[in-house]
Structure formats: C-alpha cells, structure tokens
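Working notes, beginning with the structure itself.
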Amino acid sequence: MAEPFLIGEGMTGGYGGTTILNDCTISVDRGEIAVIVGPNGAGKSTAMKAVFGMLDLTAGSVRLDGRDITRLAPQDRVPEGMAFVPQNANIFAGMTVRENLEMGAYLRRDDISGTMEQVFDLFPILREKQRQNAGELSGGQRQQVAVGRALMTRPTVLMLDEPTAGVSPIVMDELFDRIIEIRRAGIAILMVEQNARQALEIADHGFVLVTGENRYTDTGAALLANPEVRRSFLGG
Amino acid sequence: MIRCEDVHKNFGGVRAVDGATLELAAGAITGLIGPNGAGKTTLFNCVAGAFPPTSGRIFLDDEEITGLPPHELYDRGLLRTFQIAHEFGTLSVRDNLMMAAPDQAGETLWNAWFSPAKVRAEERAIREKADEVIEFLGIGHVAEERAGNLSGGQKKLLELGRTMMVDAKIVFLDEVGAGVNRTLLNTIGDAIVRLNEERGYTFCMIEHDMDFIGRLCDPVIVMAEGKVLMQGSAAEVMADERVIEAYLGHGVKNKAEVGA
Amino acid sequence: DDVKLGVILGYTGPLESITPAMAAGAELAMKEVTDAGGILGGMNVVSVRGDSTCIDAAAASAAAERLITSDGIAAIVGADCSGVTTAILQNVALANGVVMVSPSATSPALTTIEDNGLFFRTSPSDARQGKIVSDVLTDKGVKEIAISYTNNDYGKGLADSIETNFKAAGGSVTINASHEDGKADYSAEVGALAAAGGEVLVVAGYVDQGGKGIIQASLDSGAFDTFYLPDGMVGQALPDAIGDGLNGSYGALPGTDSEGATNYLKMAEEAGFTSGAFSPESYDAAALIMLAMEAAGSTDSAAFKDKVMEVANAPGEQIQPGELAKALKIIRDGGDIDYVGASAVELIEPGESAGNYREIKIEDGKIETVGYR
Amino acid sequence: MTDILNALVVFANFVLVPGASYGAQLALGALGITLVYAVLRFSNFAHGDTMAFGAMVTVLATWALQGVGVSIAPLPTALLALPAGIVATAAFVLATDRLVYRFHRRQHSQPVIFVIVSVGVMFVMNGVVRFIIGPDDQSFADGARFLVTAGDFKRMTGLAEGLAIKASTLLTLVVAVVVVIALFWFLQKTRTGKAMRAYSDNEDLALLSGVDPDRVVMIAWLLVAALATIAGTLYGLDKTFKPFTYFQLILPMFAAAIVGGIGSPVGAIVGGFVIAYSEVTVTYAYKRVLGHLLPDSLAPDSLVQLLGTEYKFAVSFVILVVVLLVRPTGILRGKVI
Amino acid sequence: MSPTWRGPILFAVMAAVLTGVGMTQSWSVALGIVNLCLISSIMALGVNIQWGYAGLFNVGTVGFAAVGGVAAVLVSAQPVREAWATGGAGLFLAFLAVAATVVAILLIRARIGRGRKRNLAVAAAALIGYFLARLAFDPAVDRIEAIDPALSGYLGGLGLPIVLAWPIGGLMAAGVAWLIGKVALGLRSDYLAIATLGISEIIVFIAKNEDWLTRGVKNVTGLPRPVPYEIDLQQADWFVARAASFGLDPMEASSIFVKLAYAGLFAVVLLALLWLSERALNSPWGRMMRAIRDNEEAAEAMGKDVTRRRLHAFVIGSAVCGIGGAMLTTLDGQFTPGTYNPLRFTFLIWVMVIVGGSGNNWGSVLGGFLIWFVWVEAEPVGRWLMDVLTSGMGEDNALRTHLLDSAAYMRMVLMGLILLLALRFSPKGLLPEKMRIGHRA
Ligand SMILES: Nc1ncnc2c1ncn2[C@@H]1O[C@H](COP(=O)(O)OP(=O)(O)OP(=O)(O)O)[C@@H](O)[C@H]1O
Ligand SMILES: Nc1ncnc2c1ncn2[C@@H]1O[C@H](COP(=O)(O)OP(=O)(O)OP(=O)(O)O)[C@@H](O)[C@H]1O
Ligand SMILES: [Mg+2]
Ligand SMILES: [Mg+2]
C-alpha cells in the first residue's frame, strides 16, 4: 500500500513535561475523510495540533505527500496546502466576519470573491453578518465563521476539530454535505467529531483514540458496526 | 417557576431577543432549541443577570428578578452554565469545583485568619463533595491539573460540575452537550433526570442534539429570530413544519433513522 | 594620603541637567587644591559622588550613609534640594557627625534646624532674596508683577518672600502661581499668567527647567517681554537658548563687587564645562570645607566645623576663585583669610550665606553686571 | 466688534493654538503607544525614552548637517536628519525585540510581564541616551520659528491683542494628521495591516492563516520607531530636547491613548487633544477674555480661573477618569484598531 | 533547583549578599538597606494582594503611600495652636457645610425617584455646598498659611507617638481606597490602571498644594522618632560603655543600634502582615479571589459578589501600602510631598511584585528586598564598573572623562539590565505562584 497523502506516524509528545500522545498514528489520503473519535481528554485535539506542528514531538514524524514536515513551523504548512480549524479560539474576535474570511485567504494572490460567495452560500447567516465583529456572534455562528475561514484557503488538506459543536442540525447537515463535496474534489479531510455517528457515516477511515493511543482503526462503516465501539464511544 | 414577559435585548442595531414571552414550569426539564443566532443564549444571559434586558420583565417564583446581578440569583437558587466554557484557568480542577460551594465561612477574611479549625472542617466536607463530582464526570486523573489546560470537552464537563456542587432550584444549561462524548453525555443525561426527579431541580437546557432533547425534555420551546416560535412536546416540535424548515432540516430525519 | 569629600547631588531625577555643572564646580575646587599640593601637608582631595536624586529622601540617605560609613568621606558637599538635604542631615550627617555644606538648599526652615553646627550653605535663604528682588523691581519703577515659581520648597519659599516684600513696598502681584519642573508643556501656566498680566514676570525657577519653559512660552505667545531672573535662573545657558527675546530682562544673584564671578566662568570654561545655576556655590562649598580643614589642621568634622565661619568671613585677606593655593599658604603661615569665592560667600549665623547680590542685565545675549546690593 | 475679535484672539493665542500644538504632540506619542498595544498587546513604558532616543539621533544628525552647511530653510534642518534618526531607532528597537521581547513572546508571558520588561528597557534606554548626549537641554532648531509673531499680528490687524503661530505648531499638526491617515489606511486596507490586526487578535490562528509572526512584529516595531522618532523630533523642535521631559511625557501620552480608546489610532489623536485642551481650558484665567467682552464696569477683577494651574494635571486626570466612567473603554472604544 | 527549596535558597542568597555589603561596605549601609527593603516588601505585599490575588491593575500605589505619609504628619507633628485658634473655626464651618451637603444629597436621593430631576437636585446641592464650604474655608486657610510660613503655616498634627501613624495611615489609605474603588473599580485592566494613576496623581497634587494641611512643598521636617537619636546615644554613658564592650566606637554603634531598632519594628509589621496574607491566600477566601481574577463572569455566576470582593481586596491592599507609606515617612523623619513620584512609588513596587513572582507573598517579599537592593547598590556598582571599564584608557582620554562623568547613568542601565535578566531567566518571577493543590484540609 502506498503511503497516505498525510500521515502523522508514531507521534509521541505533550505539553511541557507530560506526555499526552503515545505512539499515535493518524493518516488521511486525498479524496478521503478520516474521522478521529474518542472520550474527552483522549488527546484528539492534541493529535491534530501535532499533525499541524503546534506541538513538539519527542518521537514520530509527520509526512505530507511523502515529504517529512515534522520540523516545519505551522505558518509554513499553510502554503503547503494545509488548513486547520482548532477547537477553541478559532476566530478573530476583533475583526469583522468578512475580514475573518479574508484572513483565511491571506496567502492567496488570486481573486477570492468566488470562494467567498461559496462560503456565504453554505452559511447564509454569514453574508448577513459580514460587517459585524465575529466576537459578537452566537456560538454556532462563530463556528461557521471558523469553518468558513478554513474553506477560504482552498486547501489540499482540511483539518477540522469538532466543526459541528454548537451548530444547529440544519447547518450540520449542510456542512457534512459540503464536506462530502470537497472530498470529491480530491481534498484530504481530517476531522475530530463528537457527533461521531453522523461523522463516521461519511468517513472513509476512523480512528478511535483513548489516552493518546490508537484503540481502534478501521473504516467508518466497520467502526459503526462494532458494538463495543458504539457502546463505549458513540453513546450506544 | 420562571416567567419572561416580552423580553427584548438589543445590541446596537441587532435585535438578539425580540419579544420573548415564555414560562418554565417548576419541576420540568425544558428544552430550548432554535437556529444559530435565534437568541437563546442572549435570553439565558438576561434571565441569569449577565446583563439586563433592554425591556421586558422576568420573574422567579412570581418575584421580579429583572436586572438582578448573578450572585443574587445564585443565592435564590438560580444557576447557569456557559456555552463557551468559563473555567478558572489557574485554579486546579478540584478548586474550580470547591469554589462553587455556597455559603463558605472561609470566604470571609475574619474566619480565614482566626477560625482555622472551623474552616478546615468545612473544607473537608466541600472537598468530599467535589471529589464525588469529579468521580462522576470521569475527570479524576486531571483533578490536580490547572483547569486552563483541560481539553475542550473536559472544560464543558467542569462547567456542569460546578452546578452540581450547589443545591439549586433551577439550572440553566447552555449546550452542555456540545463537544462532550456521547457515551458520557448519556450518563450526564441520566444524572440530570435523577437530580430532577430526586431533588426536584428544575432545568432549562439549550441543546442542538435532538436525540438528547428528545430523551430528556418536555416541553420543548423553539426560538427563532428572537421570538418564541412554538412550544410543545419533543415529538410535536420535531414534526412541526416550521421547525423543520428553520432548524432541523429535512436531512436529519433520514440520518436519525439510519442511526437508530 | 587622600581626603575624600562626598559630592551628593541629584545626578538623576528632575535636576539632573543642572547637576553636572554643580558637581564639576565642586570637583574643580578639589582639583585646584590637589594640584597645589593638597591640604594638611600633602593630602590629595578626591571626590566621591553620590546620587541624591533630589526627590527621594530614602535613596539619598542610603547614598550618604554609604559614602560616610563605607567610603569614609570627611565631609559632604550637598545636597541640592532642601528636602533631601534635610533628610541626609538629620538621618545621616548628624548621627555620624559629618559636616555638610549645601550649595543650593535655600529653604528658610534650614536656618533653624538642629544641626550641632555641622550644616552650612553657600546660598542665601529665600527670605533674603525676596527683599532684593523687591528692591530691584521697585527701583526700576515696576508697580505690577506676575510670579511663576517652580513647585518645590525653593520656588515656593522665594515666591512667597517676593510677594510679601513687594507688596510691603507698595507694588501689586497679579498672580503667584507655580509650575512643575520637567513637564512637557507650559501653555496653561502661561495662559493664566498672561491673563493676570503685569509689567514684569518674575520666574523663580531653574535655568533649564520649567523656568526656561515658562519664559520660552511667554515670549512665543507674546505674553510678557521682560523677566526678572532670580539666582536659579541666571546662567549663560538661558540667553543662549532663548536668544534675542531675553534682552532687556534683568535679575540678581549672590555676588559682591569682585571679579570672582567672571573669573569662575573662565575657569569653568578652561576645565571644560559651562557654569550654570549653583555651580559657583558648589565650588565655594568645596573650597570652604578644604580651607576649614587646613585651618583646623584636621579633617575631622568635629574639629573643622568651627573653622568654616572663620575662613569664610572677614577679617583676613580676600580670596577669589582660583586663589585656593594662596589661601592655603596664608593659613599655613598662620594668617587669616576671608573667602569670597565665586559667589561672594559671606556666612552669617547659623552658617548660611549672608546674601550680597550682584545685579545683572541681559544685553545682546550676554549677562552684564550692572551693580551690587 | 473689535472687542469680540480681541477676545477671540486672546483666546486663540493662549488656548486654541498652544492646545493644538500640545495636543498634536501628545497624539503622535500616543499613536506609538497605541500601536504597540494593538499589535503586541502590552503598554510600552519605554516609549517616552524611545522618542528621546530617536530625537537624540536626529539632533546629532542635524548638527552634522548644520556643520557642513546643509539647510532647507525655512523648514528646519532636522527634517532632513529624520531618516537617520528613524533608521537608528529602528535598529535599536529591533535589537531590543530580538534580545528581550521575543523571548517573552515565545514564552507566552502575560501582558503584565511585558509591561515590566518594558520598564526595564526604559531604564536602559534612559541611561543610554544620557550616556550619549547627556541630560542637558540641546537646541537644534533652525529655520523659521514663527509663521506670525504676536507683534506682527497686531501690526497687521491693528488689534490690541496679538496672535502668535509657530512654524513647529503647524508642522506638528500637519504631520499628525498625515501620519494618522496613513496609519489608518495601512492597518485597515493593506494585507500587511490586516495581518497585523489578525496577529494581535489571535496569534495562534494568525499562524494558521499563514501569517509570519516575525515579520508582523518587525513591521510593527519599524512603525513604532518611525512614529517615536517623528514625535520626539517634532516635540524637540517645538519645545526643546531634554531627555527627562520625554520620560515625563509618558503619563499624559498614556492618558491620551487610553482616553481615546487604546488600540485605536484615531482614538489616540482624539485623546491627545482632549488631554491637551482639558489642561489648558480648565485652568485658563478668563479675565482678559471677559475684559474684552464685558463692558468696563463689569470687567472682572479676579482672574476668573476655575482652578489654579498647579492642578492642571489633576484636571486632565479628573477628565480622564470621568470619560472612563462614562465610556469604560475610551471615547472610540479601545482594542479595535 | 526544586521548587520547595527555591525560596529558602534565594532568601539565603539575599541574606548573604546583604551580609557581604555589611562586611565590605559597612554595617550601617547594610542595615539601612535592610530597613528600606522591609518597607518595600510591605508595599509589594499590598500590591500583590491587589494584583496577585484579585487581578486589580492598580497603579496608584504612590497615592496611598502619600496618604500614609500625611497620616504620619497628622499624628505625630506638634500641633500649631495659633493656627487652630485663627483657622479652626473656619475649617469646622467648612466641614459642617460639607457634612450638610452630604446629608442633603442623601435626603434628595431618598425622596426623589431616579431621573433627571434627581440628578439636577443633587448637582445643585453639591454646587451650593461647594461654594458655602469655600466661603468658610478660603479665609481660614489664608489665615493659617499666613502664620510664620517659613516654619509652620499649617495646622500641625496631634503630637502623638509616630508609631500610631502606621495603623492610622493604613486606615486613612483604606478610606481613600474605598472612595476610589466605589468609583473606579468598574473599569477593566489598563483602564483601571490609568484611572488609579490619575487619582493617585491628584492625591499627590493635593499633598503638594494644600499647605494648610501638609505644609505642601515646604515639607514637614523633624518628625519625632520611635527610636532614640544617635546623638543622645553617643552621649549616654551606658551606651558608650556597652559599645566599648563590643569593641565598637560609639558613633558607629549608635548608628547600628538605631537601624537595628527600626529593623525590629519593621520586621514585626512585615511578619504580621505576611502571616495574615499567607493565611488569607491559602484559605477559601484566597481561592475565591483567584477565581474572580481568572474569570469574573463565572465567579459572579457562582454566587460571588464580585464587586464587593474586589473592593475588599482593593481596600486591604491599599491599606497595606498606606502602612508602608507611613513607615517610610517615619524612617525618613520628614514628609516631603515632592518625593512621591510614580516611578519610585508605583513602578518600582510593581517591578518588585512581578520580579518576585505575583500571586506569591514570599515572592513579593523577595522582590522587595532584591529590587530595593539593586536600586540602591546599582549606583556604586555602576560607578565601579565604569572605573573598571575605563581603567585601560589614558588619563586624559576624552572618552574616559565622558564616561566617568556619565557614571551616574550606569545606575539606570544596571537597574534595567538586572530587571531584564531576572525576568529572562525566571519569566514567571523568582518565586512563581504556586499551583495550590487541594487544601490543607
Ligand atoms: N454582544 C453582541 N453584539 C452584537 N450582536 C450580538 C451580541 N451577542 C449576540 N449577538 C447577536 O444576537 C443574536 C443572538 O445570539 P445568541 O448568542 O443569543 O444566539 P443563540 O440562539 O444562542 O445561537 P447559538 O445556537 O448559535 O448559540 C445573534 O445574531 C448574534 O449575532
Ligand atoms: N495546554 C495544555 N497544557 C497541558 N495539558 C493539556 C493542554 N491542553 C490539553 N492538555 C491535556 O491533554 C489531554 C488531552 O487533551 P485534548 O485537548 O487533546 O483532548 P481531546 O481528545 O481533544 O478532548 P475533547 O474531546 O474534550 O476536546 C487532556 O487531559 C488535557 O488535560
Ligand atoms: Mg478536543
Ligand atoms: Mg448560544
């Protein structure tokens, strides 16, 4: 099997002294959706940060398209086509919604109005609120801004940390639809979800993390079918 | 138990809450749902005293509480959690819980200085309670961690945990479920039901997870564009065309069926 | 062997810009004596500097404490501002029995302070100068003045004294307002002064501090064109900085009918600094200490404190700045001297300058002497 | 009629014009403070001494130019020397960033640590400036001093009162306006400006958008150095160059930045004028103005002064406190650039 | 260095350094520094209560120190009877006018409902009260200030022992802080900072300009001491004999004795305050204050009366600064309003708190010692450094002369460098805030 497009392999590391990730491996290929699930505090967000270079790894490596990028600074991964929506503090609170989206396209030199329209079509409320400061939005609206910002980069790898937390069902559906659409364009999508059943339904691969280790790794459908996984991690 | 009469809240030109009138029955677990930006959190904030409404009146047990500061509402047994977790970042997880306990003698300087024995006894009791809550939330391994270092979901759990330190009359939960693992959320749901049944707590919860709402809440109030759109049982609400149009979307039913 | 003299002045803080010339003045006297073979049969006199900060009594006391108990200085030239001077005197100098000669502390309160005969100053008390200012103004036929003073004990004391004397002489004071030193802008002060009006503006401040700012802003806005300059304001730096606008202004500073002041200017220039406010007084303070030591035959404060008045006053041969070698020789030979120095020192009880004044006038950007009082 | 004109002229001469010049000076300084706050998120106590440093280099360069006889009369030579001052200050400021601030930035130290660190930098700069040029007054102004002097004005208009306008006043005002417009445009419209705002808003997320933090910080410091040098030099031209007064300036400058709404460039300008005019108007003695306006019989004897000038700082601080109580985040709502 | 040993080791180093000063410079110098270190530590404790516990960015320390200084004057200076005789009645009338105004305003607020009418009535009452008070006040003040202005010209104090001024200074500072807190504590971080800075400047301006009360810039000197005078000791036979038995000369011995006596008094106060602070910080009260500091909104939602609690912390911290201010005036033996500049009394204290480690009482004490020590010793060390640096140059080298003349500024540079280095190697302060794990239950 050829190596996946993006892989964080055998990642070990944590914050300061403590080790959070233990030989954890996460990967995703082009045109695929990979979903990470697991209990709170399992290290899912930490794994995402590690893949994006926001954590010092004591062991393991991150490779993009076969190239070792373990030592690349986060801001230098953006030009490589990686985009990331963190779980917390994922908007520029003091800037308007429109400026938030523009910041997503910071490195792009081409015309961004088309992409902006696409984001507005996906999240109509943002079109309405584009001149408002993002910090004044409701919780779900902020989440939409955050995802919109990442979409603006037109990435080759899209990493989303709980993109649907706090968004209403209708928006969540739209979002998942959109993600499927993006996958079709050959983009690799890596996401963490607590709405795990919906997420695994559309996922090609799933990773179940517990205390920083891979507990289960399988296709989305297989994980959904696994009663043990369902009971312990997906809420029955 | 809580009655809101024609509550409005404007932020500059934005009408976040635009004439909401509703009543929360004592002893019920009321769900509050609605599209993003419907004004749910803003209404919570008005009721819980984070800021006063622009106009309208709010009553708790027929006493007007409009504009009262949160700490006075706490004294009357009204508690709330925050949608975006508000942890005490430099305090340990246990201290986060312990500080929430009511009427602590050790919180006056005089006792802190001159009645150490009394304070120590009191602390012991509070600490025990905190440890129970920690146990329940499954965050025992991070009990000594700075709360600022918790994961997103753990912070939400802590948010909930603080309300469990207090004997409350009514608790407002703002999306406790968002970001919380579904298996754990089920346990939390059970605890809410137990608190409601055994201790008579009244709950009002904002949630976007319809399974959770459906399992726990009756009645369910739907808000949209700052107003109350409708109220009814979970089943009624989910079947309502307006609600589906504005909030649930058509996809959800299909998915729910697949999931079930 | 060396004798150490402490030079405790505000090297940092609000008066930091006039301090270097003061310190240089004191050290000029020490160098002169050392070059002439020192005192007491060949002891060199060296200076040890200590920072009074002018405002921080605690830091000033700490510095004085260190100079006395650790560096072993025999006497203090300083301090500069009355507040820190009092603190050093009462907390350190008295306790250790060390003589202090301040070149610039002018507070009248220092006249009556308990000092065990250890404290002297080469500048006159404000009370005396107020009278002089009033006399000069009255003689010029001025009827109405405005006063701006620097808001410290020097300025306040002087301004009050001027007001009292001038009113007693039949004049009127339209406004007597303070200014803070070292501030960024004086337009508010000048606005008020201008509104009050007056023929002459008396500026009881420092030559390159707020006093200068007030004069500059007054000239810029056309509020006043004639200024009276008390001792703190007389220095060549002022006409140099202000330019033609200052011509025609006048004032007075301690000095007698002697060539001392002019000599001192030259000496300073040769030594590589420009004399400024209280620089001559600093030279004199150091000189008096050394002469008194020679006269007492000891560097012990308890011994030479009684000689300070003796060497400063008549009878005896008059000593000008630059003549310290001659003075030492006279003393060694058993003669008597009357130190005049750069600021025409005449000490009265209890050890402060009597206050002879040299009247000056600014003409063509130069300070010209016009008479003595 | 002439009475009214006279009253106006007095008022302009002692309140409007000096207030405008002082206000513009404060505003320029406050701009630098606000920029550091906006981008790097701390209150920079070293700013006064940065101004002193910039002005010092400019003074030295001006002397050098004057020495070889270069002049751009009627404008002051110092304007020619400004680039030298800016370059040197930029170098110095970047060096402090590299040696001091960067470490704390990487540590994610609290803002208050940065504040205290800036106090440390202030001490060092304080000493360095005095080492190089000493604590004294230095004059370096040349060129035309006045646009109109009080005497000329009286002669021209035949009024009893004069109005003086200094060249430096006009220069400061013009520069302040130009600089604030340029800065506003830069921050709001240019990519780099937006990147700076994004960086200040949420550093981690800015990285995730591809913003190079080192570059943003460097540009911010360059702007601060330029602003500080310009402000320091203009202040020196108008008043005088003396290191200690620059240190004294930081309090009113902070007051201006905060009253206006810290982080907002326009706020800095507004704040500068509010502080300046509150000092001048409340303590102004209205005797002469009223003397012209009222008939002789009613002319006031007293000074008609609301408060003595000794309280002028107190007044500006009272106004500051009142403004904050009414609008707790400053006139123009802080933290937004 | 393990965290538990870090504190003791750093304190031991500090003690060793001070001993070193005692041995190489002199014991008087060392003890003089220690005394000011003790006072600085007290003020730092006060700021730490406000910032470290409660997150209040108060940069008005200088104002509270000045209030403490005023208290020292009012308590201990000799009363000027003549001033009371000529001006006392007027002042009393003015006081009555103010009191009546306050009563009137309270009545208005009780009688008239909220709204424009009430505001107008309150404003009118305040204005009338102000003018009535001025009517009685101004002539009284003029008369008081006219009495022998060179030496008195003010009311004087009560002539009581100056040690009483310490608690009274604390109380007065607390009162002032209460007023300020009522007005300003609604403001956040930097805005609170600039407001407190402004108000403290106003306090200092009052101390400088209200001559009838404080003699203003003319200073009040010769305040009584709580310890004997060196001169008296030098003349007391028992003391001279005692000193001789230790092999000390009476001059040096008296100086050391007096400083030790001060040190004893100050240390008692510091230890008492430190004990109270530690108790408070490690109690539920401290936990609550830190919670408020971390997240005010959530603390409010969890039933804490944030406004009141913050006011408490503000008042207590200010009171401690006031005590420190009164002690400093006692040590100086004089009240000099010109001394109160923010650099020395606000920023230096802040530097102590932050370098020591905010949120940690022992850190504040250590910071107080270290920073005051550096502040004082930077001067001689700076000069010494300059001497060393220039020793290689020729006698007449122009650069050398220039550098030696500028040696005083080395003090600033050194102070800054030490500050920067301390924070470079200990970015959270020398003794960082402890993570309190559970409680000593
Ligand atoms: N401080 C504010 N300033 C301006 N507008 C605001 C502010 N806070 C909220 N709003 C607006 O008010 C509306 C209601 O917000 P609110 O947070 O109450 O929504 P919500 O129903 O809780 O939504 P969600 O489900 O996304 O949490 C939104 O449109 C939001 O943009
Ligand atoms: N900045 C930090 N410093 C120290 N420890 C941290 C930090 N952030 C997270 N942790 C710890 O790392 C562990 C994993 O956190 P992480 O955020 O990766 O969890 P997660 O799987 O994303 O959980 P959730 O579903 O709740 O978001 C947690 O125990 C948390 O306490
Ligand atoms: Mg997470
Ligand atoms: Mg919400």
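Letters A, B, ... mirror the listed sequences (proteins, then strands); counts begin at 1. Note that the structure is predicted; figures quoted are calculated from it, not measured.
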- Task: Check the angle between the aromatic planes of E:F266 and E:W166 and answer parallel, tilted or perpendicular using the 30° and 60° thresholds.
- Result: tilted
- Message: For B:F114 and E:W275, take the angle between the two ring planes, folded into 0 to 90°, and tell me which bin it lands in: parallel under 30, tilted 30 to 60, perpendicular over 60.
- Response: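 Ring orientation of B:F114 relative to E:W275: tilted.
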- Who among B:E107, B:E122, B:H86 has the most heavy-atom pairs with chain E under 4.5 Å?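 Of the options given, most contacts go to B:E107.
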[X]-[Y] side chain donor-acceptor pair, cut-off 3.5 Å:
| X | Y | answer |
| --- | --- | --- |
| B:H8 | B:D6 | yes |
| B:T54 | B:N10 | no |
| E:S426 | E:R6 | yes |

- Any residue of residues 297-305 of chain E which, by heavy atoms, sits under 4.5 Å from chain B: E:E297, E:A298, E:A299, E:E300, E:A301, E:M302, E:G303, E:K304, E:D305
- Message: Using a 4.5 Å heavy-atom cutoff, which residues in residues 312-324 of chain E come close to chain B?
- Response: E:I316
- Query: Given a strict heavy-atom distance threshold of 4.5 Å, which part of B:P69 is in contact with chain E: side chain, backbone, both, or neither?
  - Reply: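 Backbone plus side chain of B:P69, per the 4.5 Å heavy-atom cut-off to chain E.
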- Query: Which region of B:A143, side chain (C-beta onward) or backbone (N, CA, C, O), has a non-hydrogen atom less than 4.5 Å from a non-hydrogen atom of chain E, or is it both or neither?
  - Reply: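 Neither part.
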- How many angstroms lie between atom CZ of E:R310 and atom CE of E:M289, to the nearest 0.5 angstrom? 8.0 Å
- Message: With rounding to the nearest 0.5 angstrom, report the OG1 to CG distance, B:T30 to B:L216.
- Response: 11.0 Å
- Task: Return the minimal non-hydrogen interatomic distance between B:L68 and B:E72, and the atom names on each side.
- Result: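 Closest approach of B:L68 to B:E72: CD2-OE1, 3.6 Å.
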- Could you tell me whether B:K40 sits above the aromatic face of B:F44, with NZ or CZ closer than 6.0 angstrom to the six-membered ring centre and within 45 degrees of the axis?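 Negative - B:K40 is either too far from the ring of B:F44 or too far off its axis.
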- Message: Between E:W350 and E:W51, is the ring centroid distance below 6.0 Å?
- Response: yes
- Message: Keeping B:T42 on the side-chain end and B:A16 on the backbone end, is there a donor-acceptor pair under 3.5 Å?
- Response: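 Such a contact is absent between B:T42 side chain and B:A16 backbone.
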- Contact listing (chain E partner; residues 76-83 of chain B; heavy atom under 4.5 Å): B:L79, B:R80, B:F82
Show me the side-chain donor-acceptor pairs of residues 55-62 of chain B shorter than 3.5 Å, one per line, residues at least two apart or across chains.
{"unit_1": "B:R57", "atom_1": "NH1", "unit_2": "B:E64", "atom_2": "OE1", "d": "3.1"}
{"unit_1": "B:D61", "atom_1": "OD2", "unit_2": "B:K169", "atom_2": "NZ", "d": "3.2"}
{"unit_1": "B:D62", "atom_1": "OD1", "unit_2": "B:R3", "atom_2": "NH1", "d": "3.0"}

- Item | Side-chain ion pair, B:E87 and B:R146, N-O less than 4.0 Å | no
- Query: Does the distance from a Lys or Arg side-chain N to an Asp or Glu carboxylate O, for B:R94 and B:E144, drop under 4.0 Å?
  - Reply: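 Salt bridge between B:R94 and B:E144, a charged N being under 4.0 Å from a carboxylate O: yes.
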